[in-house]
Amino acid sequence: MGQKTSWGNPSDEVKIHPIQHATAVLEWNNLTIYVDPTGGAEAFEGFEAPDLILITDIHGDHYNLETLEELDTQKAKIIVPKAVADKMPPAFTPQIDVLNNGDTKERFGITIEAVPMYNLRDEAKKFHEKGRGNGYVLNMGGQRIYISGDTEDIPEMRALTNIDKALVCMNLPYTMTVESAADAVLVFEPKQVYPYHYRGRPEVSNVAKFKRLVNSGNPNIEVVQLDWYPNDDY
């Protein structure tokens, strides 16, 4: 089981468990949320079956059908963009809520906002085109948690408000540099930021540098580094 962190008052505690790369488990108010589940059922040993599953995009490190089929998802609602829904077998149809950028859905007392995620650099636009995938803002227990998905430092990210916890990606060539990620974070000013999704090709992003850039620009933003790659040295 991955590391965990929590926030909020004791009756409203939220726990984050990093699984790998873009995959996480959130626990709140006796609910279990899987974010971009990958790694097979074995990656989720020790966790309750999901009540809610969020999938951000079609790529294999976010949408993994084999993992979904191995998991016990009988009680789960699955939040996906249309591009992911189009790839899912009919057996999942009754569980799916399709959200486009800008859509909102309430499930289990959590309001889920689908927000844009896409590339800006010309050489990277082929990876994540605007409108295909979703980032998510979860409104839960008086907290707003932002999950970036695969994106660059887009205007919609910079315009976020009142974010308590932000999971922000940073890896080349697919998303953005640590400098771009830090610059965006300094604009929308989450109370805490969790760098994740930072393995690239061939380089692994320098999370320590990201932390320095954020804290030199705003020491009040807490940078929380969890182990998103438990099987690797970085």
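For clarity, every value in this text was computed on a predicted model and none was experimentally measured.
- Looking at heavy atoms from C-beta onward, Ile154 lies in side-chain contact with Met157 at the 4.5 angstrom threshold.
- Val185 and Leu120 fall within a single hydrophobic cluster, where Ile, Leu, Val, Met, Phe, Trp and Tyr are joined by side-chain heavy atoms under 4.5 Å apart, directly or via other members.
- Summarising the geometry of Val98 relative to Pro81, their closest heavy-atom pair is CG1-C, 4.2 Å, with the distance given to 0.1 Å.
- Val84 and Ile96 fall within a single hydrophobic cluster, where Ile, Leu, Val, Met, Phe, Trp and Tyr are joined by side-chain heavy atoms under 4.5 Å apart, directly or via other members.
- Counting non-hydrogen atoms of other residues, nucleotides and ligands closer than 6.0 Å to CD of Gln74 gives a total of 12 or fewer.
- Taking CG of Asp103 as the start and CG of Asn101 as the end, the distance is 8.0 Å to the nearest 0.5 Å.
- A donor-acceptor pair under 3.5 Å links the side-chain atoms of Trp228 to the main chain of Pro195, judged by distance alone.
- Aromatic rings of His62 and His197 (six-membered ring for Trp) have centroids within the 6.0 Å cut-off, being under it.
- Residues Arg144 and Asp164 are not paired through a salt bridge, judged by the lack of any N-O separation under 4.0 Å between the basic side chain and the carboxylate.
- Using a 3.5 Å distance cut-off with no hydrogens or angles, the side chains of Glu152 and Thr175 do not pair a donor with an acceptor.
- Here the side chains of Leu99 and Val80 are not in contact, with every heavy-atom distance at 4.5 Å or above.
- Side-chain atoms of Thr23 and Thr38 include a donor-acceptor pair closer than 3.5 Å.
- Criterion: ILVMFWY side-chain heavy atoms under 4.5 Å apart, direct or through other members. Under it, Tyr174 and Phe210 are not part of a common hydrophobic cluster.
- Here Tyr229 and Tyr198 bring their ring centres to under 6.0 angstrom of each other.
- A ring-centre distance under 6.0 Å is not found for Tyr136 and Tyr146.
- Rounded to the nearest 0.5 angstrom, Asn119 CG and Lys126 NZ are separated by 8.5 Å.
- Going from atom CD1 of Ile112 over to atom CD1 of Ile145 covers 11.0 Å, rounded to the nearest 0.5 Å.
- Distance check: Ser148 OG to Leu160 CG gives 10.0 Å after rounding to the nearest 0.5 Å.
- Taking the centre of each ring, His17 and Phe47 come in below the 6.0 Å mark.
- Both Leu186 and Leu167 are part of a single hydrophobic cluster, where members link through side-chain heavy atoms under 4.5 Å apart.
- Looking at every heavy atom in both residues, Leu226 comes nearest to Tyr194 through CD1-CD2, 4.0 Å.
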Side chain to side chain donor-acceptor pair (under 3.5 Å) between Asp36 and Thr56, intermediate numbers included: CA-CA 7 Å; Asp36 284 338; Thr56 59; 2.9 Å; yes

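- Between Leu138 and Thr111, the closest side-chain pair of non-hydrogen atoms is not below 4.5 Å.
- A salt bridge is absent between Arg107 and Asp51: the closest approach of a Lys/Arg side-chain nitrogen to an acidic carboxylate oxygen does not fall below 4.0 angstrom.
- Under the 4.5 Å side-chain heavy-atom criterion for grouping Ile, Leu, Val, Met, Phe, Trp and Tyr, Val207 is connected to Ile16 within one hydrophobic cluster.
- A salt bridge links Glu156 with Lys130: the distance from a Lys NZ or Arg NE/NH1/NH2 to an Asp or Glu carboxylate oxygen falls below 4.0 Å.
- Contact record, His59 with Asp150: ND1-OD2, 4.5 Å, taken as the closest heavy-atom pair.
- To the nearest 0.5 Å, the span separating CG on Leu52 from CD1 on Ile79 amounts to 5.5 Å.
- Crowding of Lys75 atom NZ: a count of heavy atoms from other residues, nucleotides or ligands under 6.0 Å exceeding 12.
- Considering all non-hydrogen atoms of both residues, Leu213 and Val178 come closest at CD1-O, 4.3 Å.
- To the nearest 0.5 Å, atom NE2 of residue His128 and atom OG1 of residue Thr151 are 8.5 Å apart.
- Between Glu179 and Lys209 a salt bridge is recorded (basic side-chain N to carboxylate O distance below 4.0 Å).
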